[in-house]
Amino acid sequence: MLFSRALIPTTKEAPADATNASHILLARAGYIRKVGAGIYDYLPLGYRVLRKIEGIVRAEMDRAGALEILMPALLPGEYFKETGRWDVYGPTLFRIKDRKGGDYHLGPTHEEIVTDIARREIRSYRELPKSLYQIQVKFRDEPRPRGGLLRCREFLMKDAYSFDADEEGARASYETMRKAYVSIFDRMGLRYRMVQADSGAIGGSTSAEFQVLVDSGEDAIVACGVCDYAANVEVATVKAKHDGAAAPTSEPVARVHTPGHGSIDEVTAFLGVPRTAMLKSLLYVAGEAVVMAVVRGDHDVNEVRLARTLGVDEVFLATEADVEKATGAKVGFAGPVGFKGRVVVDRAASLVGAGVTGANETDHHLKNVRFGRDFEGEVADIRLAATGDGCPSCEGGTLTSYRGIEAGHIFILGTRYSQAMGATYIDEKQQQRTLVMGCYGIGVSRLVATAIEQHHDDNGIAWPMSVAPYQVHLVTIGREESVLRAARELHDGLEAEGIEVLWDDRDERPGVKFKDADLIGVPLRATVGAKGLAGGNVEVKPRSEPDPKNAELVPVAGAVKVLADRVRAALQTGG
RNA sequence: CGGGGCGUAGCGCAGCCUGGUAGCGCACUCGGUUCGGGACCGAGGAGUCGGAGGUUCAAAUCCUCUCGCCCCGACCA
């Protein structure tokens with residue numbers, strides 16, 4: 001491809017609304033343009049990358065035996081009404097009325113629609129198992145689209161669904177998909193971790209997320225340094241230790257005046273006690289009830305685990321007014337002693353020997369507070385795991401925190417949708433049984449941005465080979481006949497080898513071309529100029545090498561082979 | 001949903017407080033000089049000042065309403 005004939009509108013400055021590295025670079029390098037909040041054009045380079053990722057995903061899905069289909073993006077409301085999600089999904093669903101006033105919506109996910117296919121077309125156990133997938137645009141009216149392609153309102157997703165005769169079959173399908181996902185992320189050259197995850201609103205039992213490790217990621221995960229335990233902090237447990245817990249005190253509870261000192265920091269400073277002696281008491285609204293969660297002062301509440309413990313879908317931090325009503329004191333002075341209501345105590349907090357906590361009276365705290373003597377409550381693991389915590393699944397392992405971007409999520413759904421929609425089959429004994437389902441998503445368009453978050457530097461993008469829009473960026477310096485001829489031969493030779501070449505043939509100064517090449521991020525750069533050509537060479541430099549002086553001199557005659565071999569080698573090793 | 005902010009040329013911004021000729025940088029066009037890491041000189045083109053209404057002799061600027069967008073938080077297969 002000739003740069004002069006392409007549409008690659010690079011800019012020096014990024015749009016003011018771009019804050020993530022990937023968003024800034026995608027915009028500056030001319031991959032995408034914003035059309036509306038969370039809605040983007042894919043310009044030629046962006047679309048090439050999207051299709052590369054799509055291609056890898058498709059190949060691995062096919063290899064795993066899944067069958068590609070395409071379901072509508074525009075959906076009649078009846079399907080979501082059938083499973084109750086029309087009401088449950090809330091404002092995130094893009095709802096539409098047709099001219100006759102009928103309810104429609106844009107598909108945010110397709111469990112109902114695929115289950116409808118299954119109930120109509122799958123009759124017998126002989127047809128099982130079956131996995132169907134599609135690569136389709138999805139729509140979610142996100143409360144806050146952000147990060148360019150990281151969180152869009154319209155985005156491209158691969159979603160797959162498995163149908164099995166029983167749980168055991170579903171587990172096998174899940175395992176097949178897990179392996180396919182590993183292949184996909186390996187081929188994309190990403191550093192990632194598969195972690196235990198919350199199944200969330202979609203339901204289901206077993207689930208795992210594929211988290212691409214990026215410091216700027218939205219999700220927090222913890223992983224053990226010894227065994228293979230890794231989990232989203234939402235569901236991570238920790239091994240309770242007695243660290244920082246003093247011996248149980250025999251002193252009686254004492255009321256202390258702490259005027260205006262409501263926060264953990266203020267109270268520890270004012271009373272001169274360590275954070276580990278604080279019993280942090282937070283009020284949550286769970287359904288109709290107001291519940292108190294007690295964790296140690298140096299810990300944070302894990303709201304997902306708290307909700308699971310309480311047996312509700314989700315909990316919300318109580319408002320100031322709720323807190324004052326429930327405790328009779330201003331925020332910052334709540335405590336479990338004498339609290340009238342359900343109290344959940346984190347295991348670590350239950351071991352604090354002489355705790356300091358709110359007195360349920362404004363400007364007062366209590367000290368020498370002990371669980372079991374001074375207050376009661378259910379003990380559960382309800383705190384967020386953090387670096388340094390003990391691994392829950394092995395002896396001696398320690399957890400480390402990472403940030404990640406959720407790029408894939410696999411679930412065993414069970415019969416939630418098949419049951420609700422009557423998707424059944426006839427088994428060997430002529431018995432009608434309910435299909436057992438799994439679902440498996442990959443954020444294809446999100447991966448475009450995710451790959452950049454992990455592969456860029458100050459000058460621009462540095463694509464892994466497998467997803468790069470072109471594989472070789474050919475830069476010509478000057479317009480001498482000899483230069484153009486050598487470049488033409490290199491360009492044509494590479495294309496004949498099936499290598500994707502972008503030839504910057506523009507009448508621009510070298511600096512401009514080099515800056516654009518770094519920005520665009522094609523993994524291999526080949527420079528043809530009079531200087532190198534005088535010695536019969538072209539200069540080859542990988543994008544990952546920052547210093548142009550380290551470019552390698554390759555004889556013109558062998559340059560096609562050298563470059564083609566490098567491209568193929570990179571594709572072999574993943575990235 | 002709570003808090004904060006922004007809409008002026010394709011992009012980044014100034015001008016608004018204190019009403020009176022719409023400006024700067026980049027990009028773009030033309031001419032010339034340059035040419036291995038975002039050149040220089042000269043000359044140009046390009047803007048319903050987000051929209052509607054109001055105040056005024058006069059509105060980018062003041063007032064009211066409205067639409068869009070961004071940031072932090074909440075939320076999020």
Side-chain angles (χ1 to χ4, degrees), chain A residues 9-20 23-24 27-28 30 33-39 85 88-93 107-111 138-148 150-153 155 157-161 197-204 207-210 218-219 232 234 285 303-304 313-320 406-411 413 416-417 438-443 446 459-460 475-480 483 504 506-519 525 527-534 539 541 546-549 551:
Chain A
T10 61
T11 61
K12 284 188 197 172
E13 291 191 273
D17 57 24
T19 50
N20 292 75
H23 189 187
I24 291 169
R28 283 194 55 213
R33 286 293 183 257
K34 187 163 98 167
V35 175
I39 309 173
R85 282 166 112 192
V88 173
Y89 222 96
T92 304
L93 197 61
T109 176
H110 281 74
E111 282 79 14
K138 306 280 179 176
F139 299 87
R140 290 183 197 171
D141 193 354
E142 290 285 348
R144 186 147 87 88
R146 70 185 107 172
L150 286 172
R151 182 171 293 285
C152 287
R153 294 198 292 176
F155 57 99
M157 178 166 165
K158 184 284 301 181
D159 48 324
Y161 306 88
D198 180 40
S199 296
I202 202 163
S207 101
E209 290 170 344
F210 285 75
E218 285 186 319
D219 292 346
N232 192 307
E234 289 177 346
V285 177
E303 297 184 1
V304 171
D313 278 348
E314 48 188 345
V315 294
F316 301 94
L317 197 59
T319 62
E320 276 186 38
E406 182 186 354
H409 202 156
I410 57 178
F411 297 79
L413 283 175
R416 169 168 172 172
Y417 295 92
C439 79
Y440 317 91
I442 287 183
R446 172 180 281 185
N459 295 316
V475 175
T476 43
I477 307 289
R479 307 193 68 76
E480 283 104 335
V483 168
D504 193 343
R506 294 174 302 170
D507 186 13
E508 287 286 356
R509 300 164 64 85
V512 173
K513 294 189 177 191
F514 290 139
K515 286 289 186 190
D516 273 349
D518 285 348
L519 185 59
R525 192 180 81 191
T527 306
V528 178
K531 213 164 89 183
L533 219 47
E539 293 145 63
K541 185 185 85 66
D547 189 349
K549 289 200 247 339

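Order of the sequence lines sets the chain letters (A, B, ...), proteins ahead of strands, with each chain counted from 1. What you see below is based on every heavy atom in this structure, not just the backbone, and it leaves out hydrogens, waters and symmetry mates.
For B:A9 and B:G2, the P atoms lie 31 Å apart once the distance is rounded to whole Å. B:U55 and B:G10: their C1' atoms are spaced 35 Å apart (whole Å). B:C62 and B:C57 have their C1' atoms separated by 16 Å, with the value rounded to a whole Å. Comparing the P positions of B:G68 and B:U21 gives an interatomic distance of 32 Å, to the nearest angstrom. Going from the P atom of B:G4 to that of B:U8 covers 23 Å, rounded to whole Å. A distance of about 28 Å separates the P atoms of B:A46 and B:A58, rounded to the whole Å. Remark: the separation of the P atoms in B:C16 and B:A74 is 38 Å, to the nearest Å. Distance noted for atom P between B:G73 and B:G54: 42 Å (whole Å).
Remark: A:H23 pairs with A:Y40 by the ring pair (Phe, Tyr, Trp, His ring centres under 6.0 Å) rule, at least two apart or across chains. For A:K158, the side chain to side chain donor-acceptor pair (under 3.5 Å) criterion is met by A:Y181, not counting sequence neighbours. Partners of A:P546 under the side-chain contact (heavy atoms from CB on, under 4.5 Å) rule, at least two apart in sequence or in another chain, do not exist in this structure. By the side chain to side chain donor-acceptor pair (under 3.5 Å) test, A:D516 pairs with A:T10, A:R506, sequence neighbours left out.
Remark: side-chain polar atoms of A:R446 are paired, donor with acceptor, to backbone N or O of A:E406 under 3.5 angstrom. Listed for the A:R28 side chain is no donor-acceptor partner under 3.5 Å among the backbone atoms of A:L519.
For B:U55, there is no paired base (Watson-Crick or G-U wobble, both distances below 3.5 Å). Nucleotide B:G31 forms a pair with B:C41, judged by Watson-Crick or G-U wobble geometry with both contacts under 3.5 Å. In a base pair of the Watson-Crick type (N1 to N3 plus N6-O4 or O6-N4) or a G-U wobble (N1-O2 and O6-N3), with each distance short of 3.5 Å, B:G36 is matched with no nucleotide. Nucleotide B:G47: unpaired (no Watson-Crick or G-U wobble partner with both distances less than 3.5 Å). In a base pair of the Watson-Crick type (N1 to N3 plus N6-O4 or O6-N4) or a G-U wobble (N1-O2 and O6-N3), with each distance short of 3.5 Å, B:C69 is matched with B:G5. Pair assignment for B:A14: none, as no Watson-Crick or G-U wobble contacts are both less than 3.5 Å. Across all strands shown, nothing is found opposite B:U61 as a Watson-Crick or G-U wobble partner with both distances under 3.5 Å. Nucleotide B:G19 forms no Watson-Crick or G-U wobble pair with any nucleotide shown, as no partner meets the under 3.5 Å limit on both distances.
Using a 4.0 Å heavy-atom distance criterion, A:P143 is classed as a base contact. Backbone-only contact: A:E406 has heavy atoms under 4.0 Å from sugar-phosphate atoms and none from a base. No contact: A:Y440 has no heavy atom under 4.0 Å from any strand. Residue contacts shown for A:T92 are absent, as no nucleic acid heavy atom lies under 4.0 Å away. Using a 4.0 Å heavy-atom cutoff across all strands shown, A:A14 reaches sugar-phosphate atoms only and no base atom. Backbone-only engagement by A:E303 is indicated by non-hydrogen atom pairs under 4.0 Å involving sugar-phosphate atoms exclusively.
Across the protein-nucleic acid pair, A:D219 atom CG and B:C76 atom C1' stand 10 Å apart, rounded to whole Å. If you take CG of A:N20 and C1' of B:C71, they are 12 Å apart, rounded to a whole angstrom. Rounding to whole angstrom units, CD1 of residue A:I24 and P of B:G12 are separated by 12 Å. Atom CZ of A:R144 and atom C1' of B:G5 are 13 Å apart (whole Å). B:C76 atom P lies 14 Å from atom CZ of A:R446, rounded to whole Å. In this entry the distance linking CZ of A:R33 with P of B:G10 reads 13 Å, nearest Å. At whole-Å resolution of the value, CG in A:D141 and P in B:C75 are 18 Å apart. Protein atom CD of A:E142 is 13 Å distant from nucleotide atom P of B:C71, rounded to whole Å.
Separation of atoms SG (A:C152) and NZ (A:K34) is listed at 10.5 Å; rounding is to 0.5 Å.
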Base-contact (B) and sugar-phosphate-only (S) positions in nucleotides 43-50 of chain B, heavy-atom cut-off under 4.0 Å, - elsewhere: --------
Annotated protein contacts, base or backbone, on nucleotides 31-39 of chain B with a non-hydrogen cut-off under 4.0 Å, one of B, S, - each: ---BSBBBB
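Heavy-atom minimum distance, A:K513 versus A:D504: NZ-O, 2.9 Å. Of all heavy-atom pairs spanning A:T11 and A:R33, the tightest one is CG2-NH2, 4.2 Å. Across every non-hydrogen atom of A:P548 and A:K541, the tightest pair is CA-CD, 3.9 Å.
Side-chain proximity of A:R153 to the nucleotides B:C69, B:G73, B:C75 is greatest for B:C69. Residue A:K34 places its side chain closer to B:C70 than to any other of B:C75, B:G12, B:C70.
Classification of A:E111 and A:R416 as a salt-bridged pair fails, no side-chain N sitting under 4.0 Å from a carboxylate O.
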From CA spacing to verdict: side chain to side chain contact (heavy atoms under 4.5 Å, CB included), A:F514, A:I477: CA-CA 10 Å; A:F514 290 139; A:I477 307 289; 3.6 Å; yes
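Residues A:P108 and A:G38 each lie close to RNA chain B; by heavy-atom proximity, the contact nearer the 5' end of the strand is made by A:G38.
Not a single donor-acceptor pair, N or O on each side, falls under 3.5 Å between the base of B:C71 and the side chain of A:R146.
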